[in-house]
Every structure is written in structure tokens, then in C-alpha cells.
Amino acid sequence: MPIRLYNSLTGKKEEFVPKDPANVTMYACGPTVYAMSHIGHARSAVSFDVISRYLRYSGFRLTYARNYTDVDDKIINRANEEDVSCDELAERYIKAFDEDMASLGVLLPDARPRATQTIGRIIALTSALIEKGFAYASGADVFYSVRKKKDYGKLSGKNIDELEAGARVDVNEAKADPLDFALWKGSKPGEPAWNSPWGMGRPGWHIECSAMCMDRLGETIDIHGGGRDLIFPHHENEIAQSEAYTGKTPFARYWLHNGFVNIAKEKMSKSLGNILNIRDALTGHTPEAIRLFLLSSHYRSPIDYTQESLKDAENAVDRLYKTIERVDRECPEANGKEHRDEQWFAPIIEAMDDDFNTAMVIGLLFKEVSLANRLLDEGGRDNAQELSRILSLIKEASGFLGVFDKAPEDYYKLRRAVIGLKISPDEIERLISERNEARKTKDFKRADEIRRGLLEQGVVLEDAPDGTKWSA
RNA sequence: GGCGGCGUACCCAAGUGGUAAGGGAGCAGUCUGCAAAACUGCCAUUCAGCGGUUCGAACCCGCUCGCCGCCUCCA
């Protein structure tokens with residue numbers, strides 16, 4: 001079964017046929033590093049992380065690049081506000097972004113180019129576009145002329161005349177046409193600047209991605225991704241300038257765009273003050289819960305972040321690890337045996353092949369979790385074969401989902417740290433013994449008192465046939 | 001105004017032509033000293049509404065209503 005994916009360029013789900021299956025290329029737009037990254041950045045990164053993992057899982061040899069845009073108006077403004085250099089500011093937020101991604105289990109892309117390290121290529125591209133007649137210098141600025149390429153608008157479905165009528169574009173006398181966009185901007189004193197044929201200056205917004213992309217992956221790539229909002233103007237402009245430069249169409253064979261994360265049904269925005277940083281989301285929740293939350297909907301759908309939806313994800317992760325732990329305990333012989341069964345795994349592959357339908361995969365996994373518990377209730381050891389199959393299945397899927405890949409005890413350790421459990425495991429064990437003494441002498445009042453006390457501190461007790469278990 | 005998307009149970013969410021996955025919540029039962037967890041059963045004759053195509057539609061077409069995104073920086 002081939003992979004099918006939704007291509008924003010054609011508006012259809014298409015079979016994925018890479019240019020060269022032995023060397024698949026993917027580029028995802030990374031953050032502009034001027035502030036802490038938020039849950040929306042996390043969604044984009046997690047989506048393309050899963051896609052890259054799955055392409056590799058499917059047998060493609062993939063080169064995946066994700067950039068940092070580290071020169072930009074917003075960075076300059078912020079750096080001025082804080083009275084630090086642009087480099088220092090960018091460096092700080094690149095580091096923070098990397099840390100956030102690592103905690104969410106996002107693997108490092110093969111290449112992580114920075115705009116400021118690709119200036120030579122940007123200048124070369126800009127010069128070439130002028131030579132080819134697609135761009136023009138105006139003072140110290142260089143603009144791309146959108147009307148020069150007749151298929152401008154093919155990604156976003158816009159046409160130039162309607163955009164013109166929209167009149168929401170800024171008026172700039174230096175431009176021949178209000179819709180033209182800057183490839184190169186002459187810099188004011190104090191701004192980051194590089195020497196160029198047009199004087200000291202810096203790149204415009206869209207050109208850096210074309211440059212980094214070509215630099216790392218070549219003139220035609222297989223997959224180009226990013227958030228939905230980048231379709232216009234960013235990706236539209238990337239297509240225009242790249243195709244004008246190379247003369248090759250298409251620049252990217254498949255365009256993939258992830259949906260937004262809304263906060264309680266509202267778009268995150270500075271004016272609403274509802275931007276949820278990854279770090280804030282990470283206090284009080286395990287990274288795995290956040291990742292599961294993000295993967296519980298299809299990557300193209302909008303999702304709504306609420307306290308409750310996170311709690312749901314948290315419960316689901318707990319349920320899964322609790323079940324794995326139970327299998328380990330009640331049927332140890334199920335563990336360790338690799339039991340890859342194509343037949344049983346087929347529905348999961350089918351779901352992933354269908355435009356990376358992680359929500360479906362998660363549904364299928366939880367069906368297996370229910371089955372595992374039922375088998376254990378019926379007498380685990382008789383079902384070792386079946387249980388080991390389920391364990392293998394979860395392990396296999398966790399490889400590309402990036403969740404459910406820990407040992408249960410590691411997960412619980414992390415969870416205790418996240419919720420800030422004050423009481424020590426030793427103290428808990430001591431109280432459990434005390435309670436079990438009380439239970440033996442039928443002093444249930446005392447026993448319940450201890451249980452209630454622990455519950456108030458976030459510790460839940462379970463009296464199982466083979467002893468009392470606790471969890472946070 | 002232009003372009004695009006969405007509307008599936010109390011909540012979240014798959015399913016896109018063959019008769020409604022999964023999770024959470026809730027209710028009842030098994031187990032338990034009581035709980036918790038797990039399991040079992042119940043919980044959408046129906047997929048915003050109305051028409052149409054079809055042997056058959058949540059899935060295709062048309063219209064209506066509602067919500068949202070992009071068109072300006074944005075993941």
C-alpha cells in the first residue's frame with residue numbers, strides 16, 4: 001500500500017511518489033526565533049516529526065531539514081526593546097526551542113540551517129532573479145515582481161487582481177506594484193547587515209527559506225511543510241521566487257500544512273493574550289500527554305486546547321502504561337519476545353498510509369489495551385502469545401508516534417516529578433504497611449484515614465490480590 | 001468583498017458509497033472490608049437542516065443555517 005497524502009497544491013489526496021525513493025527530501029518551516037515557542041510551534045514540529053519518522057519507517061531514505069529564521073523585523077524590534085544584540089536574542093530562543101522540542105520527544109532534523117548562515121546563497125538567488133527579470137532593485141532594496149510569473153497564486157488559490165482589490169497590503173513607494181515583496185532590505189544603522197551588490201542589507205522574509213531549502217536539499221524537493229497560515233503569503237512567495245530562479249516546476253512536489261491549535265476555541269494571538277507557551281503547558285502535564293493530545297486529531301484539523309482535553313490525554317497515557325505494567329507483572333513471559341505480525345499490524349499501517357492518520361492509530365492502540373486487560377482478567381499466562389503480540393504492536397507504533405515508548409516505571413517517575421509529588425516513595429510504603437496492619441486487625445477506620453491522607457497528597461492506592469499498589 | 005475549511009453522542013475524535021472506531025464522563029453489575037483499578041452491560045436507528053443521485057449516503061451533488069481560517073506579522 002502506497003502512502004497517500006493531502007497536497008495543498010492540488011487540494012487532493014495523492015499517492016506519494018518521491019522524485020527519488022532512495023533520497024527523499026523534506027523541508028519544514030521552523031520558528032522565527034524572537035520569543036518562547038508556543039503550543040502551535042509544538043504541533044507543527046510534532047506533526048512533521050511523526051511524518052519524518054513514518055517515512056523512514058516505510059523504508060524511504062529521508063533527509064529532513066527544518067530552519068531557524070534568525071533575522072527578521074520582529075527579532076530586531078525585540079532585541080532593541082531588550083537592549084541586546086540580535087544574535088544574542090536569536091541564540092537564546094533557538095536554545096529554548098531546541099529544549100522544548102527535546103522534551104516533547106521531537107527528534108532532531110538532519111539539517112537545521114539558519115538564515116544568517118545562508119546569506120551568500122540568498123544574495124546569489126536575489127542577483128539571479130534580477131538577471132532573469134523577475135526582480136528589481138529599488139535603492140538599497142530588492143523586490144520580487146509578482147506579475148512576472150503567470151501562475152502566481154497557485155498554492156493559495158488567489159489571483160493578483162483580487163488581492164489588489166483587497167487593498168490590505170502596505171503602500172510602499174519603492175515598490176513598482178504594492179503586491180511585490182522584498183527579497184533584500186537595505187539596513188538601517190544598528191541593524192544586522194551584510195555587504196551586498198545593493199549595499200549593506202539583510203534578507204527579506206521569504207527568500208531565506210528558498211535559499212536554505214535549495215542549499216540543503218536541492219532545487220526540487222519532495223515535501224515542504226509548515227503551518228496553515230504560511231500558505232499565503234510565505235509559501236506562495238517561496239514557490240514564485242524558487243521556480244522563477246530554477247525554471248523548474250514544481251519547487252516542492254507535495255505541500256503539507258498542519259492545522260492550528262486554538263485555545264478554548266479562540267485563535268492564539270498577542271492581542272487576546274492567550275498564547276500558550278510550551279513551557280507553561282509542560283508544567284503540570286507530562287510531555288507525553290501533550291504529544292498524545294496533539295496526535296489525537298488529524299494533523300490538518302484545527303484542535304482546541306482546554307484543560308479538559310489535556311486531562312483526557314493524561315488519563316489515556318496513564319491507562320496505557322498501567323496496562324503495560326500489568327502485563328509485565330502478571331505475564332512476564334509476554335515481554336521481550338519480538339512478535340512482529342504483519343497481519344495484525346496492517347490496520348495501523350493502513351491508517352498511517354492514509355495521510356498520516358494518527359488519530360485512527362491511537363484508536364486502534366486503545367482497542368488493544370482493552371483486549372490486553374481482558375486477556376489478563378481471563379488468566380494472563382494462558383494468553384502469553386497474544387499479550388506479547390499486543391506489546392510488540394504498541395512498541396512498533398510507538399517508534400513513529402513518539403509516545404508510549406518508555407518503560408512504565410520511567411513514565412511514572414517522570415509523572416511524579418511533573419505533578420510535584422511531595423511525599424517520598426519510602427514514606428508512602430511505610431504508610432501502606434501501617435494501613436495493611438490496620439486492615440489485618442479490621443481497624444478500617446484507621447486504614448481509610450491513611451488512604452484518604454495519601455489521596456489528598458495525590459497518591460492513589462489499589463489493593464490488588466498480590467499486595468497494595470500505589471500511583472501518583 | 002474574494003478564497004478555503006469545518007459541523008458525527010454530554011465532551012474529545014476516527015470513519016468520506018455497503019449499514020456509526022477509540023478515549024473521557026455518566027449509569028448498572030462483577031471484584032473489594034469499603035474503595036481504586038480492570039472487566040461486563042447500557043449510553044448516536046443516526047452523522048447541522050432540507051432536497052437530489054444511487055439497490056444503498058455521515059460519505060457524492062445542490063441549497064439553507066451555523067462556526068472558523070486566510071486575504072496584514074503569525075506554526
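Protein chains get the first letters and strands the later ones, always in sequence-line order, with residue 1 at the start of each. Since the structure is predicted, the reported quantities are computational estimates derived from the model, not experimental observations.
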Which sits closer to the 5' end of RNA chain B, A:N373 or A:N262, going by the nucleotide each is nearest to? A:N373
B:A36, OP1 or OP2 - any side-chain N/O from A:T468 closer than 4.0 Å? no
With respect to the phosphate group of B:A14, does any side-chain polar atom (N or O) of A:S301 fall under 4.0 Å of OP1 or OP2? yes
Starting the side chain at C-beta, find the nucleotide from [options] nearest to [X].
| X | options | answer |
| --- | --- | --- |
| A:K267 | B:A37, B:U40, B:G69 | B:G69 |
| A:R439 | B:G24, B:C34, B:G15 | B:C34 |
| A:D377 | B:C39, B:A36, B:C34 | B:C39 |

So does A:D377 pair up with A:R374, basic N to acidic O under 4.0 Å? no
Ring stacking, A:F366 with base of B:G22, under 5.5 Å and under 30°? no
How about A:Y412 and A:E325: do any of their side-chain heavy atoms sit closer than 4.5 Å? yes
Please check: side-chain N/O of A:N7 versus main-chain N/O of A:W255, any donor-acceptor pairing under 3.5 Å? yes
Got a donor-acceptor contact below 3.5 angstrom from the A:D72 side chain to the A:K74 backbone? yes
Determine the contact category for A:R319: base if any of its heavy atoms lies under 4.0 Å from a base atom, sugar-phosphate if only primed atoms, P, OP1 or OP2 are that close, otherwise nothing. sugar-phosphate
What contact category does A:S156 fall into here, base, sugar-phosphate, or nothing, at under 4.0 angstrom with non-hydrogen atoms? sugar-phosphate
Re B:G7: Watson-Crick or G-U wobble partner, both distances kept under 3.5 Å, found to be B:C65
